[in-house]
Amino acid sequence: MNDTTGRTRPTIAVVGATGAVGTVMIDILNSRETVPWGEIRLIASARSAGKRMTVRGTELTVVELTPEAFDGVDVACFDVPDEVSAEWAPVAAARGAVVVDNSGAFRLDPEVPLVVPEVNAEQVHRRPKGIIANPNCTTLSMMAALGALHHEFGLTELVVASYQAASGAGQAGVDRLHAEVAAVAGKDVGSRAGDVAEALAAAGLPAESPFPAPLALNVVPWAGSLKEDGWASEELKVRNESRKILGIPGLKVSATCVRVPVVTTHSLAVHATFGRQVTVAAAREVFARQESVVLRDDPERGVFPTPAEVVGGDPTYVGRIRQALDFPNTLDFFVCGDNLRKGAALNTYEIAEKVATS
């Protein structure tokens with residue numbers, strides 16, 4: 001399909017179109033006033049092939065994931081598990097597509113750029129493998145705000161505590177949270193140790209869960225898998241991905257990741273130290289210049305970001321901005337971002353548009 005200048009418009013493929021993130025990407029495509037694409041192609045596993053989905057007013061048929069499915073595709077957005085991306089992203093790249101991958105398969109590959117368009121958009125052109133990686137949703141939830149401050153003041157140290165939604169563990173995490181909430185709703189639990197666990201067992205919930213402890217009426221200081229020296233994989237992702245995105249290989253980072261009983265939207269308490277003097281007023285000015293950052297910072301009136309307010313939105317929301325006590329050149333602030341939108345599908349799509357239009 002051609003645009004108004006007669007140029008051929010590119011083709012985009014959404015791989016994993018019927019999955020949780022893929023369907024959010026389709027919502028994003030449908031919500032855009034204009035898109036640069038001539039053709040939108042939906043790709044999924046053989047199990048989902050043949051399903052019909054409406055995209056921008058046209059009913060499209062999902063095609064099976066095969067090498068031939070990428071013929072004629074200019075940009076392929078992968079919203080699939082790591083092992084599927086590891087196998088199929090190189091196939092799509094070999095067929096001529098630029099792959100934008102939302103999995104963790106390539107994030108730390110030195111030949112694959114890790115991109116947040118507000119922070120390092122120029123990296124989309126440096127893709128020797130034909131693949132661009134999308135960061136983890138926890139890192140992404142703070143990166144638009146943190147990257148803007150880094151460009152102005154020079155980040156040197158970062159301490160983060162994340163409060164991660166159940167949807168970060170996939171649909172199984174959401175289903176488990178809903179089941180647990182139903183099991184404890186209206187019951188007098190939580191006043192003694194074991195109350196919640198007993199309520200879940202009485203409701204017939206299986207002991208096997210995406211979470212290592214009950215999530216309803218609780219917080220769980222763990223997200224991901226166990227790594228060396230007691231670190232969780234989500235915590236190491238924050239460290240390693242922040243260094244790569246910001247281009248600071250030696251950045252000092254420490255993260256503690258906590259799962260909370262929220263369905264969607266990650267929150268982070270950020271303690272950031274800079275090489276140049278920084279003030280709350282200067283930080284607010286920086287945030288105000290960012291199109292994708294919304295400032296919600298008036299604690300006297302109870303105004304600050306919360307997941308219930310942010311869910312379903314595209315921007316990063318920032319509040320509770322304070323000059324850190326006892327730490328020079330340091331700010332503390334609170335960030336919320338929808339982990340299925342900016343934390344996954346939206347950033348992937350924004351990278352794809354950047355590839356298509358630059």
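Only heavy atoms go into these numbers, but all of them, side chains included; no hydrogens, no water, no symmetry mates.
Without hydrogens or angle criteria, His266 side chain to Ser141 main chain gives no donor-acceptor distance under 3.5 Å. Here the side chain of Asn218 pairs a donor or acceptor atom with the backbone of Pro214 at under 3.5 angstrom. Distance alone, capped at 3.5 Å, places no donor-acceptor pair between the Glu234 side chain and the Gly224 backbone. Counting only distance, with no hydrogens or angles, the side chain of Thr23 and the backbone of Ala20 share a donor-acceptor pair below 3.5 Å. No donor-acceptor distance shorter than 3.5 angstrom exists from the side chain of Arg9 to the backbone of Glu39, with no hydrogens or angles considered. With hydrogens and angles ignored, the 3.5 Å screen pairs no side-chain donor or acceptor of Asn134 with any backbone N or O of Asp101. A donor-acceptor contact shorter than 3.5 Å is absent between the side chain of Glu87 and the backbone of Val84. Judged by distance alone, the side chain of Thr11 and the main-chain N or O of Val73 form no donor-acceptor pair under 3.5 Å. For the pair Asp195 (side chain) and Gly190 (backbone), a donor-acceptor distance under 3.5 Å is present. For Asp79 (side chain) and Gly16 (main-chain N/O), no donor-acceptor pair under 3.5 Å exists by modelled atom type.
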Quick one: do Arg107 and Val112 satisfy side chain to side chain contact (heavy atoms under 4.5 Å, CB included)? Show the steps, please. CA-CA 7 Å; Arg107 287 175 184 152; Val112 174; over 6 Å; no

CA sep, side-chain torsions, deciding dist, call: Arg176, Glu208, salt bridge (charged side-chain N to carboxylate O under 4.0 Å, His left out): CA-CA 10 Å; Arg176 179 70 185 198; Glu208 184 178 349; over 6 Å; no

Take Arg296 and Glu309, measure what salt bridge (charged side-chain N to carboxylate O under 4.0 Å, His left out) needs, and give me the verdict at the end. CA-CA 11 Å; Arg296 298 277 290 154; Glu309 172 195 23; 2.6 Å; yes

Candidate pair Phe304 and Cys336, rule side chain to side chain contact (heavy atoms under 4.5 Å, CB included), full reasoning: CA-CA 10 Å; Phe304 34 72; Cys336 290; over 6 Å; no

Salt bridge (charged side-chain N to carboxylate O under 4.0 Å, His left out) between Asp314 and Lys342, worked out: CA-CA 6 Å; Asp314 290 344; Lys342 182 58 178 177; over 6 Å; no

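Residues Thr138 and Gln164 are in side-chain contact: their nearest non-hydrogen atoms beyond the backbone lie under 4.5 Å apart. Considering only heavy atoms from C-beta on, Arg243 stays 4.5 Å or farther from Leu246 through its side chain. Two residues are said to be in side-chain contact when any heavy atoms from C-beta on lie closer than 4.5 Å; Val24 and Ile28 meet this criterion. Two residues are said to be in side-chain contact when any heavy atoms from C-beta on lie closer than 4.5 Å; Glu198 and Arg192 meet this criterion. Side-chain contact between Tyr317 and Val293 is absent, with no heavy atoms from C-beta onward closer than 4.5 Å. No side-chain heavy atom of Leu177 sits under 4.5 Å from any side-chain heavy atom of Val262. Asp74 has its side chain out of reach of Ile12: every pair of non-hydrogen atoms, C-beta onward, lies at least 4.5 Å apart. Annotation: side chain of Val116 is in contact with side chain of Leu140 (closest heavy-atom distance under 4.5 Å).
Summarising the local packing, NZ of Lys237 is surrounded by more than 12 heavy atoms from other residues, nucleotides or ligands at distances under 6.0 Å. Other residues, nucleotides and ligands place no more than 12 heavy atoms under 6.0 Å from the NZ atom of Lys252. No more than 12 heavy atoms of other residues, nucleotides or ligands lie within 6.0 Å of CG in Asp188, so this atom counts as exposed by the packing criterion. Other residues, nucleotides and ligands contribute more than 12 heavy atoms inside 6.0 Å of the CZ atom of Arg52.
Rounded to the nearest 0.5 Å, atoms OG (Ser103) and CD (Glu83) are 8.5 Å apart. Interatomic distance, CG of Leu114 versus CD of Glu241, reported as 5.5 Å (0.5 Å rounding). To the nearest 0.5 Å, the span separating OG1 on Thr316 from CZ on Arg341 amounts to 12.5 Å. Annotation: the span from Glu64 atom CD to Ser48 atom OG amounts to 10.5 Å, rounded to 0.5 Å. Going from atom SG of Cys137 over to atom CG of Asn347 covers 11.5 Å, rounded to the nearest 0.5 Å. Taken to the nearest 0.5 Å, the NZ atom of Lys244 stands 9.0 Å off from the CD atom of Gln123.
Smallest separation of non-hydrogen atoms from Leu29 and Arg56: O-NH1, 2.5 Å. Between Ser358 and His125, the shortest heavy-atom contact is OG-CE1, 3.2 Å. Nearest approach of Glu111 to Pro113, heavy atoms of both residues: O-CD, 4.0 Å. Between Gly313 and Asp338, the closest heavy-atom pair is O-CB, 3.7 Å. Taking every heavy atom of both residues into account, Trp37 and Ala352 meet most closely at CH2-O, 3.5 Å. Contact between Ala89 and Phe106 at its shortest, heavy atoms only, is CB-CE1, 3.7 Å.
Side-chain heavy atoms closer than 4.5 Å link hydrophobic residues (I, L, V, M, F, W, Y) into clusters, and following such links, possibly through other members, connects Val55 to Val75. Follow the hydrophobic side-chain contacts under 4.5 Å out from Val286 and you reach Leu268 in the same cluster. Residues Phe287 and Leu146 share a single hydrophobic cluster, defined by chaining ILVMFWY side chains whose heavy atoms lie under 4.5 Å apart. Each of Val294 and Leu149 belongs to its own hydrophobic cluster when Ile, Leu, Val, Met, Phe, Trp and Tyr are linked at side-chain heavy-atom distances under 4.5 angstrom. Val115 and Met143 are not part of a single hydrophobic cluster, where members link through side-chain heavy atoms under 4.5 Å apart.
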Output a table of donor-acceptor pairs, distance under 3.5 Å, between side-chain atoms of residues 165-174 and any protein atom two or more places apart or on a different chain; print 'none' if there are none.
{"residue": "Ser167", "atom": "OG", "partner": "Val263", "partner atom": "O", "Å": "2.7"}
{"residue": "Ser167", "atom": "OG", "partner": "Thr264", "partner atom": "OG1", "Å": "3.4"}
{"residue": "Ser167", "atom": "OG", "partner": "Asn339", "partner atom": "ND2", "Å": "2.9"}
{"residue": "Gln171", "atom": "NE2", "partner": "Asp175", "partner atom": "OD1", "Å": "2.8"}

Let me have the donor-acceptor pairs involving side chains of residues 321-332, under 3.5 Å, with sequence neighbours excluded, atom names and distances please.
{"residue": "Arg322", "atom": "NE", "partner": "Arg320", "partner atom": "O", "Å": "2.8"}
{"residue": "Arg322", "atom": "NH2", "partner": "Arg320", "partner atom": "O", "Å": "3.3"}
{"residue": "Gln323", "atom": "NE2", "partner": "Val278", "partner atom": "O", "Å": "3.0"}
{"residue": "Thr330", "atom": "OG1", "partner": "Thr273", "partner atom": "OG1", "Å": "2.8"}
{"residue": "Thr330", "atom": "OG1", "partner": "Pro328", "partner atom": "O", "Å": "2.8"}
{"residue": "Asp332", "atom": "OD1", "partner": "His271", "partner atom": "ND1", "Å": "2.8"}

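Residues Ser292 and Gln290 bring no donor and acceptor atom of their side chains to less than 3.5 Å of each other. Under the 3.5 Å distance criterion, with hydrogens and angles disregarded, no donor-acceptor pair is assigned to the side chains of Thr54 and Glu59.
A side-chain contact (heavy atoms from CB on, under 4.5 Å) with Cys77 holds for exactly one of Ile132, Ile43, Thr348; it is Thr348. Shown are Asn102, Val99, Ile131, Val14; of these, the side-chain contact (heavy atoms from CB on, under 4.5 Å) with Phe78 is made only by Val99.
Ring geometry, Phe70 versus Trp88: the interplanar angle falls from 30° to 60°, so the pair is classed tilted.
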